[in-house]
Asker: 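Would you mind keeping the following structure in view while I ask a few things?
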Amino acid sequence: MAMASASLSLPLRLSSLPPPCSIKVAHPSSASSSASCRFHPLKLSPRSRPVVAFAAPKAAVAKGDDLTEKVEQSIMEAQKICAGHEETGECAAAWDEVEELSATISHKRHQGKAAQQDPLEKFCKDNPDSDECRMYED
Amino acid sequence: MACAAAASAATLAGGASPTLTCCRAEANLCTASSLTRVALSSRSNVMPFVSQFRGHAVCSSLTAASTDILPVQSFIGNGRQRSVSNLVVICKAGSDQTIVIGLAADSGCGKSTFMRRLTSVFGGAAVPPQGGNPDSNTLISDTTTVICLDDYHSLDRTGRKEKGVTALDPRANNFDLMYEQVKALKQGKSVQKPIYNHVTGLLDPPELIAPPKILVIEGLHPMYDARVRELLDFSIYLDISDAVKFAWKIQRDMAERGHSLESIKASISARKPDFDAHIDPQKKYADVVIQVLPTQLIPDDNEGKVLRVRMIMKEGVEYFEPVYLFDEGSTISWIPCGRKLTCSYPGIKFFYGPDIYYDNEVSVLEMDGQFDRLDELIYVESHLSNISTRFYGEITQQMLKHADFPGSNNGTGLFQTLVGLKIRDVYERILAKESSTVTASKV
């Protein structure tokens, strides 16, 4: 009985629990980076349908997806424009756009990576006067 | 001079003249000058000065009095008291001299590893301007501001598509504005620089750029316009060979959806005619050309992981002494791996020698191969000369600081770091020359 009542409330609470270790998280979010996975998967009754929700940082994912879509579209457009007209300025401009977008994606990725790189750098940005962060330059 | 401008811009009430202390932290000079009665000719002379305020400018080695912000009352009008405004006069530490470095590279802006290494040599991390447009291409650190020349596009992405023009084409860039603003920054005036948003492909509203000590203009056409070329104190061209460019673009783009080998190839070859016509010719104007080529140590290598990097340094450039190996002006071929140093495959090979490059006398320093260990790096550093380091091991330290950057184990990282140190040297020499002329004129 207790089990049944527990299983009924499970779907509501499940979204706040970290996913079980066997599930691969498709979009790692900054929120879940600190949470680990559950080592003891709950036993669920067959009637309950658990929903595991990941909250990805909206802005970053949205922009990344946005750019990726733009790149795909621009590649298809460039291939269309250039079919048969490789020498024209329009063809060059279309591929130039592809190049620009690809470079932007890679740049944004490096920016994101650089920001998370060194925990000491992060600490020192907020506490430049602490002992660990003092710089000695003569 | 900053303090002289302040003196001429303000008139004092009642004849009292407080002392305005001007300090130059680098030259360790601190001169006190009294403000005398000087008529203010136009308001506009004062505003640009006030806008040059940088809160972090500090006369750190001097007394507290010299860093105070002094309120000064000024009178506008023809001698009679018309209006009184409280001006804030700030002592700007350091010289007014802004040196301008041009970097030509075909891989977009702010990039980079080159920029990050460069700004790291000068000290401090370069970050986008706080609180401004998040898609700004500008990077600002304590001493350096990096401006992306894409911001001077006259046509945005749709404009270029309509006209059938690539970003490499000079018709898509506003060289007049580029020249005006670089000149203004060099003279110590702030500018409102447009922003080219790479994400949307549009030209965004401008951002305020204050004149820094070191201004780096990075992009496709830093040396294209003759007037801009005159303003550059030092120029660098990053020349990536086709084979390496292809390998790098594959690494960069193959993981992205939509891209395939054919699309990458098509993209490179479609841009090549414009590149060869407009960008490549800038090579001959550069003081340093860094050429990245496929390695000669591994036959038929097409991965582009091991690189042969050549640093072509122009002779006779003011304030710049080329790096050399063992004996300046001679031809040296050097393999450091042997009894004292063991290297793993494919090893390291150096070359140094004089040459002629586009009708200029140059010295070429070349490195082929990879560094595997710290002691290889320090061994190589100890045998290079004219490297402008402040202490033994500075190059190694800089390379280790950014061990995660691409190119940290080969010539690209080494030569980029060397160029950074050389630029610092050029900057210090220009400053030293300027302060010696100032003291000479005082005598």
Side-chain angles (χ1 to χ4, degrees), chain A residues 59-60 62-118 120-122 124-125 128 133 135-138, chain B residues 106-113 116 123-125 127-128 134-135 137 150 155 157-169 172 196-201 248-249 251-253 255-260 262-264 266-275 390-391 401-402 404-406:
Chain A
K63 226 180 197 176
D65 280 347
D66 197 39
L67 272 176
T68 319
E69 271 175 41
K70 273 194 184 161
V71 167
E72 280 185 276
Q73 280 170 3
S74 63
I75 294 179
M76 290 194 291
E77 231 183 275
Q79 284 167 337
K80 223 189 316 168
I81 294 179
C82 289
H85 313 280
E86 266 94 29
E87 300 298 310
T88 57
E90 281 78 21
C91 176
W95 280 118
D96 189 43
E97 181 180 336
V98 171
E99 166 61 32
E100 188 190 341
L101 288 166
S102 310
T104 311
I105 291 186
S106 128
H107 182 210
K108 293 268 178 224
R109 208 185 305 134
H110 279 295
Q111 259 184 340
K113 234 193 278 177
Q116 305 159 5
Q117 268 312 355
D118 189 4
L120 181 64
E121 287 294 320
K122 276 201 286 206
C124 287
K125 236 196 290 184
C133 302
M135 300 258 276
Y136 298 90
E137 283 173 296
D138 296 297
Chain B
D106 176 31
S107 30
C109 298
K111 259 4 225 301
S112 10
T113 322
R116 279 145 78 197
V127 292
D135 290 321
N137 304 307
D150 284 353
L155 300 169
R157 212 179 280 157
T158 19
R160 276 179 272 141
K161 275 226 295 255
E162 279 165 18
K163 292 214 169 155
V165 154
T166 62
L168 306 159
D169 198 312
Y196 176 75
N197 191 321
H198 282 100
V199 178
T200 58
W248 282 1
K249 296 226 160 132
Q251 277 170 31
R252 186 189 76 181
D253 293 336
E256 297 294 326
R257 291 200 324 248
H259 264 297
S260 62
E262 290 76 34
S263 70
I264 297 176
S267 161
I268 296 181
S269 51
R271 296 173 82 235
K272 203 158 171 11
D274 269 353
F275 187 85
R390 285 203 183 127
F391 53 85
K401 202 163 144 192
H402 304 292
D404 52 316
F405 286 4

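A, B, ... follow the sequence lines: proteins, then strands. Residue 1 opens every chain.
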Asker: Backbone N or O of E90(A) within a donor-acceptor pair of the K163(B) side chain at under 3.5 Å?
Answerer: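 No, the answer is negative, given that no donor and acceptor are paired below the 3.5 Å cut-off.
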Asker: Could you list the residues that satisfy salt bridge (Lys or Arg N to Asp or Glu O under 4.0 Å) with E77(A), not counting sequence neighbours?
Answerer: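 Result, salt bridge (Lys or Arg N to Asp or Glu O under 4.0 Å) vs E77(A): K161(B).
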Asker: Calculate, to the nearest 0.5 Å, the distance between atoms OG and CG belonging to S267(B) and D96(A) respectively.
Answerer: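 Reported to 0.5 Å precision, the distance equals 8.0 Å.
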Asker: To the nearest 0.5 Å, tell me how far T158(B) OG1 sits from E97(A) CD.
Answerer: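 Those atoms lie 9.0 Å apart.
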Asker: Given a strict heavy-atom distance threshold of 4.5 Å, which part of P128(B) is in contact with chain A: side chain, backbone, both, or neither?
Answerer: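 The answer is the side chain of P128(B).
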Asker: Can you name the ring pair (Phe, Tyr, Trp, His ring centres under 6.0 Å) partners of F405(B), sequence neighbours left out?
Answerer: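 With sequence neighbours excluded, F405(B) shows a ring pair (Phe, Tyr, Trp, His ring centres under 6.0 Å) to H402(B), given in chain and number order.
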Asker: Between E100(A) and R271(B), is there a salt bridge with N-O shorter than 4.0 Å?
Answerer: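 No salt bridge links R271(B) with E100(A).
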Asker: Any heavy-atom pair between the side chains of K249(B) and E99(A) that's under 4.5 Å?
Answerer: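 Side chain of E99(A) against side chain of K249(B), heavy atoms only: contact under 4.5 Å found.
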Asker: With side chains defined as the heavy atoms from C-beta onward, is the minimum distance between L101(A) and R157(B) less than 4.5 Å?
Answerer: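 They are in contact (side-chain heavy atoms under 4.5 Å apart), so the answer is yes.
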Asker: Can you measure from OG (S102(A)) to NE2 (H259(B)) and round to the nearest 0.5 angstrom?
Answerer: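 NE2 of H259(B) is found 3.0 Å from OG of S102(A).
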Asker: Quick check for you: to the nearest 0.5 Å, what is the distance between D253(B) atom CG and I105(A) atom CD1?
Answerer: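 Spacing of CG (D253(B)) from CD1 (I105(A)) equals 8.0 Å.
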Asker: Report which part of T104(A) has an atom under 4.5 Å of a heavy atom belonging to chain B: side chain, backbone, both, or neither.
Answerer: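 When you check distances to chain B, only side chain atoms of T104(A) fall under 4.5 Å.
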Asker: For residues A270(B) and A92(A), report the shortest heavy-atom separation together with the two atoms involved.
Answerer: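 Answer, listing the atom of A270(B) first, then A92(A): O-CB, 3.7 Å.
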Asker: Where is the tightest heavy-atom contact between K70(A) and T200(B), given as atom of each residue plus distance?
Answerer: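 That closest heavy-atom pairing would be NZ-CA, 3.9 Å.
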Asker: Chain B heavy atoms under 4.5 Å from I81(A): which part of the residue, side chain, backbone, both or neither?
Answerer: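 Contact with chain B: none, neither part.
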Asker: Over all heavy atoms of both residues, which pair between A93(A) and V165(B) is shortest? Give the atoms and the distance, please.
Answerer: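 Shortest heavy-atom separation between A93(A) and V165(B) comes out as CB-O, 3.7 Å.
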Asker: Less than 4.5 Å apart, side chain to side chain, heavy atoms only: is that true for S269(B) and W95(A)?
Answerer: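 Not touching, per the 4.5 Å side-chain cut-off.
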Asker: Nearest 0.5 Å please: distance from the OG atom of S263(B) over to the CE atom of M76(A).
Answerer: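 Spacing of OG (S263(B)) from CE (M76(A)) equals 12.0 Å.
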